[in-house]
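To start, the structure under review is shown below, and the notes come after it.
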Amino acid sequence: MYRTHTCGELRIEDINKEITLAGWVQRVRDLGAMTFIDLRDRYGITQLVADDNTTKELSSKIESIGREFVIQVKGIVRERSSKNTKIPTGEVEIELTELNILGPAETPPFTIQDDTDGGDELRMKYRYLDLRRSNVQKNIVLRAKMAHVTRNYLNKLDFIETETPVLIKSTPEGARDFVVPSRMNPHEFYALPQSPQVFKQLLMVAGFDKYYQIVKCFRDEDLRADRQPEFTQIDCEMSFVEQADVLSTFEGLTRHLFKEIKNIDIQDFPIMPYAEAIEKYGSDKPDTRFEMLLNDISSTVKGNNFVVFDSAEYVGAICAKGCGDYTRKQLDALIDWVKRPQIGAKGLVYVKCNEDGTYKSSVDKFYGQDDLKNWADKVGAEAGDLILVMSGDKAPMQVALGELRLEMGKQLGLKNKNTFKPLWVVDFPLLEWDEESKRFYAMHHPFTSPKPEDIPLLESDPGKVRANAYDLVINGVEIGGGSVRIFDSALQAKMFDLLGFTPEEAKEQFGFLMNAFKYGAPPHAGIAFGFDRLVSLFAGIDSIRDVIAFPKNNSGRDVMIDSPSLIAEAQLDELLLKLKEEQS
RNA sequence: GGUGGCGUAGUUCAGUUGGUUAGAAUAUCGGCCUGUCACGCCGAGGGUCGCGAGUUCGAGUCUCGUCGUCACCGCCA
């Protein structure tokens with residue numbers, strides 16, 4: 001037996017027990033006549049001690065060990081004469097009688113401590129060492145617990161967990177596919193799923209009624225802190241349900257997770273149409289932890305010969321509470337911030353609401369005190385507040401103002417990591433016009449059903465059609481999204497037509513789905529949660545890398561195993577593949 | 001594809017206007033130390049300043065290129 005206890009469980013009640021422990025050496029503190037060793041495993045740290053009773057053989061072994069050695073020790077639990085109240089095992093220590101080196105260790109390239117000296121790059125290269133650190137382990141443990149709670153909840157509701165294939169078919173819509181050459185079918189490729197979308201719909205046709213799967217999905221697009229090329233979804237689909245049923249089921253799952261994992265009771269779970277989210281927050285994933293809503297003040301500000309506003313389609317304003325004392329330097333920094341290419345605004349007009357009831361703005365030449373008071377009334381600004389105004393074309397300015405709102409929220413400390421504000425965003429547009437290719441794209445995916453009352457618009461004004469699609473947003477993070485699906489093959493054919501597929505193309509790519517619908521398809525709807533994002537939200541972390549055991553870096557590389565990599569010529573030959581020179 | 005930050009000891013970083021032998025902390029190694037738990041004290045070793053070119057009497061420092069990395073925009077049904 002390698003151990004009788006873990007390094008996290010011995011207490012004062014265990015005194016005088018003979019025990020065996022195994023783990024990693026966290027640190028050796030040699031005081032001369034006595035030596036302390038911190039022994040670590042994933043459960044905790046236990047102090048070992050060797051003093052003048054120690055045999056020569058044992059002390060020479062102790063001298064030979066260093067950080068991160070894997071050792072097994074036998075000894076007696078005894079009470080410490082000076083206790084450490086910072087750790088649960090701090091009242092006891094192990095008086096060593098025997099020590100075996102199970103695995104010697106070289107000095108690690110960075111210290112295995114919560115406050116490690118290692119940078120991100122190094123930690124990723126030696127991720128197996130990084131994962132020894134308790135604050136990294138706790139994220140992985142949290143992830144496991146959340147998956148467990150999710151499975152329990154959905155199993156209880158009679159959902160059936162079903163695996164779907166990973167080697168599937170490439171489709172041109174949506175994100176780029178990762179492709180895998182087929183040896184047995186020369187010149188042909190599988191694609192890795194961007195989501196199990198069509199399979200879960202086919203499971204509905206098959207009558208499974210309620211399906212879920214915690215599943216890897218793959219998208220060959222550029223990465224971000226919250227985007228990995230392979231990521232995990234809680235993927236779900238239900239039959240004989242309407243949008244409201246899906247929302248309430250997964251509102252239930254979300255509440256349950258918050259309660260079980262964080263012991264938080266989520267109060268409100270509001271539902272907001274997409275159009276309102278854009279109008280009030282300049283985003284389809286509003287962070288509702290704070291207000292600072294966008295106001296359209298176009299009608300209030302026009303007609304004072306200020307050409308910038310008079311010529312603008314949209315003039316919008318937000319009110320930053322308590323920022324009326326911003327200095328010139330702070331305001332200039334904000335102006336620079338909105339002018340960065342990422343935001344791309346031409347400028348920013350400000351109005352300071354002074355404590356004495358007067359106003360000071362960057363457009364005093366054009367607007368008097370009465371005008372500025374009107375603005376203040378319109379946006380709900382009081383003495384001590386700061387009004388920030390941007391103007392231009394409506395859609396981009398709403399987005400820019402929404403970004404500015406988030407930045408101000410950050411500066412004012414309104415994005416509290418311990419507050420959780422969920423929100424359903426509903427009634428997304430069904431289609432999105434793409435200027436470049438002069439065609440409509442499905443905003444969600446081509447199987448999303450339009451709202452019944454908007455179906456006539458499919459002919460006259462497709463851009464106006466709203467979808468039965470919904471996103472779950474928490475604290476400004478898109479956690480999940482789904483839709484009511486089309487289950488009528490005629491309507492599905494019409495959708496493909498709108499999206500520019502010829503009937504032949506539609507048949508070639510999605511014929512199996514349309515065929516399936518001919519044989520009795522139930523009404524169905526579904527949703528998928530971004531599991532990595534959900535876990536990082538619960539962990540209070542911005543990057544999903546920290547909740548993935550072995551993540552990829554910014555350029556999609558695994559720096560630990562060094563992938564992707566070239567393959568042998570023989571492998572290429574077998575696949576009848578030849579590498580082209582890079583295009584210049 | 002684009003914008004920006006970073007790259008100096010094992011590691012995290014500092015390095016002034018371009019000027020003497022490139023520093024600190026930590027880690028490592030050696031010595032001392034009986035209650036440490038970020039142990040302490042004394043000492044030692046440790047550098048292709050990412051790589052390449054250029055400017056200059058002289059480059060860690062300036063310029064260009066390149067590679068790596070991070071953040072963001074595009075992209076992500």
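Any value given below was found using the heavy atoms of this structure, including those in side chains, with hydrogens, waters and symmetry copies removed. Lettering of chains follows the sequences in order, A, B, ..., and the numbering in each one begins at 1.
When the side-chain nitrogen and oxygen atoms of A:Arg224 are compared with OP1 and OP2 of B:C73, one or more of them lie within a distance under 4.0 Å.
Here A:Lys494 pairs with A:Glu459 under the side-chain hydrogen bond (donor to acceptor under 3.5 Å, both in side chains) rule; sequence neighbours left out.
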task: Could you run through nucleotides 22-31 of chain B and give me one letter per nucleotide, 5' to 3': B if any protein heavy atom sits under 4.0 Å from the base, S if only the sugar-phosphate is that close, - if neither?
output: -----SS---

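Across all strands shown, A:Gln47 has heavy atoms under 4.0 Å from base atoms, whether or not it also approaches the sugar-phosphate. When heavy atoms are screened at a 4.0 angstrom cut-off, A:Arg439 is found touching no nucleic acid atom at all. Within 4.0 Å (heavy atoms only), A:Arg123 reaches no atom of the nucleic acid at all. Within 4.0 Å (heavy atoms only), A:Asp30 reaches at least one base atom of the nucleic acid. Residue contacts shown for A:Lys83 include a base, since a base heavy atom lies under 4.0 Å away.
A salt bridge links A:Asp130 with A:Arg127; the closest basic N to acidic carboxylate O contact falls under 4.0 Å. A salt bridge does not link A:Lys285 to A:Glu478: none of the charged nitrogens lies less than 4.0 Å from a carboxylate oxygen. Salt bridge annotation for A:Glu407-A:Lys415: absent, with no cationic side-chain nitrogen under 4.0 angstrom from a carboxylate oxygen.
Evaluation of the ring-ring contact (aromatic ring centres under 6.0 Å, His included) test over residues 472-502 of chain A, restricted to residues two or more places apart or in two chains, returns A:Phe496-A:Phe501, A:Phe496-A:Phe510.
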